[in-house]
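Everything numeric here is computed off the predicted structure, so don't read it as measured data. Counting starts at 1 for both ligands and their atoms, following the listed order. Sequence positions, counted from 1, serve as the residue numbers for this chain. Worth knowing before you read on, the calculation uses all heavy atoms, side chains too, and leaves out hydrogens, waters and symmetry mates.
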Amino acid sequence: MPSARPATTRPQRVLLVGGGHAHVEVLRRFALRPDPQVTLTLVSPEPSMCYSGMLPGLVAGHYSPQDTHIGLAPLALWAGARYVADAVANLDLYAKTAQLASGEYLAFDLLSLDVGADPDLRVPGAQALALPVKPVSGFLLGWARLQAEALTGGVRAIAVVGGGAGGVEMLLAMHHRLATIMRAETPRFALVTDQPALMPQFPPIVRARFGRVLVERGAVLHLASGVTAVEPGTLVVTHGRRIAVDRIVWATGAAPAAWPAASGLACDGRGFVLIDDTLRSTSHPFVFATGDCAAQLDHPRPKAGVFAVRQGPPLAANLRRAAHGLALKRHVPQRHALALVSTGDRHAIAVRGPFVAEGDWVWRWKDRIDRAFMAKYALPEVPDAKEAKTG
Ligand SMILES: Cc1cc2nc3c(=O)[nH]c(=O)nc-3n(C[C@H](O)[C@H](O)[C@H](O)COP(=O)(O)OP(=O)(O)OC[C@H]3O[C@@H](n4cnc5c(N)ncnc54)[C@H](O)[C@@H]3O)c2cc1C
């Protein structure tokens, strides 16, 4: 790549914060095409990334952790990046340093945030009593404990809070797993949402279909029931109604971390980092952001892993271009992403705009797509000459 910077300029320190779906692709692309003008550091508190498309399948028992996780330390090693097992707690955008939870400071020339967003637990009692679906590592530990307790008869009723695709798919996955191992003793499930309908971002036919599947599995639907408090053994919802539960899984919409907005980065009204079509902060040109933690000013999209995955290649290209002082390229996300939502068993529904299809074949199609994604990150990989040219 021709460089607009004089050849004597020192390499640019690129700090990747978060081992999310876009950053794993950045690492892969720099592994395939190393760049002496770039030194990479990855900071992530989690040692691996769980591929979001396969998380429900992991919970349902269709996949193993090895099938669904990408090891970040080996990926960083392959890319020649330093891996720091820590979390960023603060940014100083004047000094261009990130302070880690351990207190260490890391200096950077270019910063890229792909830190995701966790469910919003700001309901009284939720933090202490509910199991959030993110961070994934914490959720998987809690899920293992929940299964063990259910097997000993200690869990009779499970509520999932959140009626979006994530909550519905997670409920069906958990139900499938427990029904497989417990049969007639399977706990009862409830789905609790503040919205008047399930999966509001999906066409009515899809919402109705998932509603029927949930009822067939014995789940009770509590629509228009915003949770106002969580108490031991009870969810308190709109109008003071109380729902008795033994365990609560929290799968509500994502809430951003506070530190990006606190650092002075321009954010939207909810606190997600505002980016332009080059994936760069609208306020700080040396900062990039992708995935759930970002909001693309001119092309807002729902929070979904598929968008973060698609941002990986243009992010890698633009970090490289920025390090060389070259003009950045635009990335406009697709308007209608393909959503493949499983029903817990090996069956799924495909939705893209107005197009809807359903069947076991859809699950097998999804399985092939997901396994092909994961195969790209299997190490060691022989560099692909074609990708290496375009990366
Ligand atoms: C149950 C469920 C099912 C879903 N299913 C699908 C699906 O089928 N398809 C789909 O497209 N989307 C799905 N989603 C949404 C999807 O999970 C997210 O959109 C996706 O994970 C976002 O990717 P990301 O790269 O932004 O962040 P993530 O993949 O969440 O990664 C962020 C990483 O940053 C790290 N991090 C966080 N804070 C810090 C910090 N301070 N410093 C350093 N690192 C930090 C985290 O540890 C994490 O490893 C689902 C979500 C849920 C909850």
(request) Under 4.0 Å, heavy atoms only, figure out whether ligand 1 is touched by the backbone of Trp259, its side chain, both or neither. (result) side chain

(request) Give a yes/no on ligand 1: does Ala257 have at least one heavy atom closer than 4.0 angstrom to it? (result) no

(message) Below 3.5 Å, N or O to N or O, backbone or side chain included: is there any such pair between Lys366 and ligand 1?
(response) no

(message) Please list the nearest protein heavy atom to atom 31 (O) of ligand 1 with its residue and the distance rounded to 0.1 Å.
(response) Gly20 CA, 3.3 Å

(message) Please tell me if atom 20 (C) of ligand 1 is touched by the protein, where touching means a protein heavy-atom distance below 4.0 Å.
(response) yes

(request) Can you sort out which atoms of ligand 1 are near Val43, meaning under 4.0 Å from one of its heavy atoms? (result) 43 (C), 44 (N)

(message) Could you tell me, atom by atom, which parts of ligand 1 come under 4.0 Å of a heavy atom of Met170?
(response) 1 (C)

(request) Measure from atom 53 (C) of ligand 1 to the protein's non-hydrogen atoms and state whether any distance is below 4.0 Å. (result) yes

(message) Is the contact between Val133 and ligand 1 made by the side chain, the backbone, both, or neither, using heavy atoms and a 4.0 Å cut-off?
(response) side chain

(request) Measure from atom 38 (N) of ligand 1 to every heavy atom in Val115, Val17, Thr290, Asp370 and give the option owning the shortest one. (result) Val115

(request) Can you pull out the closest protein heavy atom to atom 44 (N) of ligand 1? Residue, atom name and distance to 0.1 Å, please. (result) Pro45 CD, 3.2 Å

(message) Taking the basic N atoms (NZ, or NE/NH1/NH2) and the acidic carboxylate oxygens, is any pair closer than 4.0 Å for Glu216 and Arg212?
(response) no

(message) Whether the Asp92 and Gln99 side chains hold a donor-acceptor pair (N or O, under 3.5 Å, no angle test) is what I'd like checked.
(response) no

(request) Is it possible for you to say whether Leu265 and Leu319 belong to one hydrophobic cluster, with membership spreading through side-chain heavy-atom contacts below 4.5 Å? (result) yes

(request) Answer yes or no: does atom CZ of Arg145 have more than 12 heavy-atom neighbours from other residues, nucleotides or ligands under 6.0 Å? (result) no

(message) Apply side chain to side chain donor-acceptor pair (under 3.5 Å) to residues Thr39 and Gln12 and explain how you reach the verdict.
(response) CA-CA 6 Å; Thr39 60; Gln12 298 291 288; over 6 Å; no

(request) Determine whether more than 12 heavy atoms belonging to other residues, nucleotides or ligands lie under 6.0 Å from atom CD1 of Ile205. (result) no

(message) Using only atom types and a distance under 3.5 Å, with no angle test, would you say the side chain of His331 pairs donor to acceptor with the backbone of Leu315?
(response) no

(message) Go through it in stages, so that I can follow the logic: the residues are His62 and His176, the test is ring-ring contact (aromatic ring centres under 6.0 Å, His included), and I'd like the CA-CA distance, side-chain angles, deciding distance and then a yes or no.
(response) CA-CA 10 Å; His62 305 314; His176 179 81; 5.0 Å; yes

(request) Just let me know how His21 lines up against ligand 1, side chain, backbone, both or neither, with a heavy-atom cut-off below 4.0 Å. (result) both

(message) Any side-chain to backbone donor/acceptor pair from Ser281 onto Pro285? Under 3.5 Å, distance only.
(response) no

(request) Starting from atom 15 (C) of ligand 1, locate the nearest protein heavy atom and write down its residue, its atom name and how far away it is, to 0.1 Å. (result) Gly305 N, 3.8 Å

(request) Classify the contact between Ala87 and ligand 1 as side chain, backbone, both or neither, using a heavy-atom distance cut-off of under 4.0 Å. (result) both

(message) Within the 4.0 Å heavy-atom shell around Gly53, which atoms of ligand 1 are there?
(response) 8 (O)

(message) Counting only heavy atoms closer than 4.0 Å, does ligand 1 sit against the backbone of His23, its side chain, both, or neither?
(response) neither

(request) Look only at interatomic distance and state if Val88 has a nitrogen or oxygen under 3.5 Å from any nitrogen or oxygen of ligand 1. (result) yes

(request) Look only at interatomic distance and state if Gly166 has a nitrogen or oxygen under 3.5 Å from any nitrogen or oxygen of ligand 1. (result) no

(request) Enumerate the atoms of ligand 1 whose separation from the nearest heavy atom of Lys134 is less than 4.0 angstrom. (result) 16 (C), 17 (O), 18 (C), 20 (C), 21 (O), 30 (O)

(message) Using the rule that Ile, Leu, Val, Met, Phe, Trp and Tyr join whenever any side-chain heavy atoms are under 4.5 Å apart, tell me whether Val17 and Leu274 fall into a single cluster.
(response) no

(message) Which option wins on minimum heavy-atom distance to atom 16 (C) of ligand 1: Ala251, Pro135, Ser52, Ala22?
(response) Ser52

(request) Nearest heavy atom to atom 33 (C) of ligand 1 wins, so pick from Val306, Leu113, Asp114. (result) Asp114

(message) Give me the residue, atom name and distance of the protein heavy atom closest to atom 47 (O) of ligand 1.
(response) Glu46 CG, 3.0 Å

(message) Do Val136 and Ile70 land in one hydrophobic cluster if side-chain heavy atoms of ILVMFWY residues count as linked below 4.5 Å?
(response) no

(request) Below 4.0 angstrom from a heavy atom of Gly291, which ligand 1 atoms are there? Numbered from 1 as shown, please. (result) 26 (O)

(request) Describe, in one word, how the ring planes of Trp363 and Tyr63 are oriented to each other, choosing from parallel (under 30°), tilted (30 to 60°) and perpendicular (over 60°). (result) parallel

(request) Tell me, please, whether Phe30 has Arg320 positioned over its six-membered ring: NZ or CZ under 6.0 Å from the ring centre and within 45 degrees of its axis? (result) yes

(message) What protein heavy atom lies closest to atom 35 (C) of ligand 1? Include the residue and the distance to one decimal.
(response) Gly18 CA, 3.9 Å

(message) As a test of the contact definition, would atom 40 (C) of ligand 1 count as having a protein heavy-atom neighbour under 4.0 Å?
(response) yes

(request) Give yes or no for whether the N/O distance cutoff of 3.5 Å, strictly under, is met between Asp292 and ligand 1. (result) yes

(request) Please check if the side chain of Thr228 supplies one atom and the backbone of Val236 the other of a donor-acceptor pair under 3.5 Å. (result) yes

(request) Find out whether Thr97 and Asn90 are in side-chain contact, i.e. whether some heavy atom of one side chain is under 4.5 Å from a heavy atom of the other. (result) no

(message) Check this for me: Glu149, atom CD, are more than 12 non-hydrogen atoms of other residues, nucleotides or ligands nearer than 6.0 Å?
(response) yes

(message) Using a 4.0 Å cut-off to any heavy atom of Gly116, which atoms of ligand 1 qualify?
(response) 26 (O), 27 (O), 30 (O), 32 (C)

